[in-house]
Structure formats: C-alpha cells, structure tokens
Amino acid sequence: QEASEKLIDADNLEKGNTDVLNYLTLGLLWLKKAKQADEVSLRAIQINPLNMELVKNRLVALEQIENWKELLDLTQEVLKNNSEGMILTQILKAEALIKLSRKEEARTLLEALVTKDKNYPETYYWLSEISEGKVADSYLLKYNELCKNKKNYKTLRDVNLCSRSKEKPL
C-alpha cells in the first residue's frame, strides 16, 4: 500500500515515466485494485505501445476485472506477434476461453502447455476446472503439489499463482 502511494507521488512528479507506471500498475494488481491498474496500464501503453511488460500488466488487469472478451482479444494479439508467448499470457488466454464457454479450445491450449512446462501450477488448475471426476481430481492434486514448491515461478506479475490452492483443496 505504502509503495503504491509513493509511486502515485512519483507519477505526479514525472508524468509519462513508463517505469513508474509499470511498477504502479503491479502494485495496484497486488492490492487487487484492478480498475485502477487497468487505467494506469492503458496510460502507460499509450506512451509506449511496444513495451510488452506494460501490455502483460494490462492482461492481468483485464483478468482481474473479468473482461474476458478483451482479455482474449489482447492475448491473441500478443501471441500473434510472439507465437510461443510467455506461459502467463497463454494461461490467461485459456482462462478467457473457459469463461467464454470455449472449453475445448482451452483444453487444447492447456494440454500443449503441459508438454512445454510440466511444472507450471496454473495449467493444472485450469485443466481441473474443465475436467470431471478422477481426471479433474488428478489435475487438482498436481496443482496443489506444485503450489507447495512454487518458489521457482513466483513473479511480480503472476499475482494469482497458486492463489486457488485454498479455494479447492483435496
């Protein structure tokens, strides 16, 4: 909270500093102030639309405000320019597909992600959400196991990493 306040002061002093806007957005995302984070990220992107860090912040803000259509559109745009993309972008795309009732497309994407990185927890969470019975349980078990050792994946931007383990314990 205090850091975000200092970054707001810095933003007032240095309008247009995308480094300040980047960290302010991240702070707001961690505080779950998604609407504000989205507004700040949009301001930053207007200044520097080619900065992928700023665009990724916007992706997370769109997820938090549950703007699934815009999230899907932006993830597709990001992935078009970088076919592999970072795993978080692909996970956000899968989540948007699920929320938009396009579960088979999400399943295809998530299964491909498992082959690329078997240790990223969120892939298994979303697979558990679109699976049933023992298959869903096995994905959720894997998710919870990986979350116990998540330190390899903790990033500033991935604010929801392993946040769902309390939500769906086995």
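None of the values given here were measured: they were computed from a predicted structure. These values consider heavy atoms only, across backbone and side chains, with no hydrogens, waters or symmetry-generated copies.
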Main chain of R164, side chain of Y143: is a donor-acceptor contact present, judged purely on distance under 3.5 Å? yes
Is the backbone N or O of V135 less than 3.5 Å from a side-chain atom of S138, with the two atoms forming a donor-acceptor pair by type? yes
Given side chains that start at C-beta, do those of [X] and [Y] come closer than 4.5 Å, heavy atoms only?
X	Y	answer
L110	I91	yes
Q76	K93	yes
Y120	L113	no
T25	L54	no
K35	L28	no
L92	L72	no
L26	N22	yes
W68	E95	yes

Output all residues satisfying salt bridge (charged side-chain N to carboxylate O under 4.0 Å, His left out) with E104, sequence neighbours left out; order by chain, then residue number. R107
About how many Å separate [atom2] of [Y] and [atom1] of [X], when rounded to the nearest 0.5 Å?
X	Y	atom1	atom2	value
S41	L62	OG	CG	7.0 Å
N57	D38	CG	CG	10.5 Å
Y125	I130	OH	CD1	11.5 Å
N144	L140	CG	CG	5.0 Å
C147	E122	SG	CD	6.0 Å
D117	Q90	CG	CD	10.5 Å

[X] and [Y]: which non-hydrogen atoms are nearest, and at how many Å?
X	Y	value
A106	I98	CB-CG1, 3.5 Å
A37	L29	CB-CD2, 3.6 Å
K99	W126	CE-CH2, 4.1 Å
P121	L146	CG-CB, 3.8 Å
Q64	K33	OE1-N, 4.5 Å
I45	V55	CD1-CA, 3.9 Å

Membership question, hydrophobic clusters at under 4.5 Å side-chain separation (ILVMFWY): are L42 and L24 in the same one? no
List the steps, then state whether side chain to side chain contact (heavy atoms under 4.5 Å, CB included) holds for L71 with T75. CA-CA 6 Å; L71 176 60; T75 58; 3.9 Å; yes
Run K56 and M52 through side chain to side chain contact (heavy atoms under 4.5 Å, CB included) and show every step you take. CA-CA 6 Å; K56 290 180 219 170; M52 286 309 300; 4.1 Å; yes
NZ/NE/NH1/NH2 to OD/OE distance under 4.0 Å, E70 and R58: yes
Using a strict threshold of under 4.0 Å (side-chain N to carboxylate O), is an ion pair present between K142 and E145? no
Contacts of type side chain to side chain donor-acceptor pair (under 3.5 Å), residue K69, not counting sequence neighbours: D73
Go through L74 and T89 one step at a time and tell me if the side chain to side chain contact (heavy atoms under 4.5 Å, CB included) criterion holds. CA-CA 9 Å; L74 187 54; T89 303; over 6 Å; no
Within a 6.0 Å radius of atom NZ on K134, are there more than 12 heavy atoms belonging to other residues, nucleotides or ligands? no
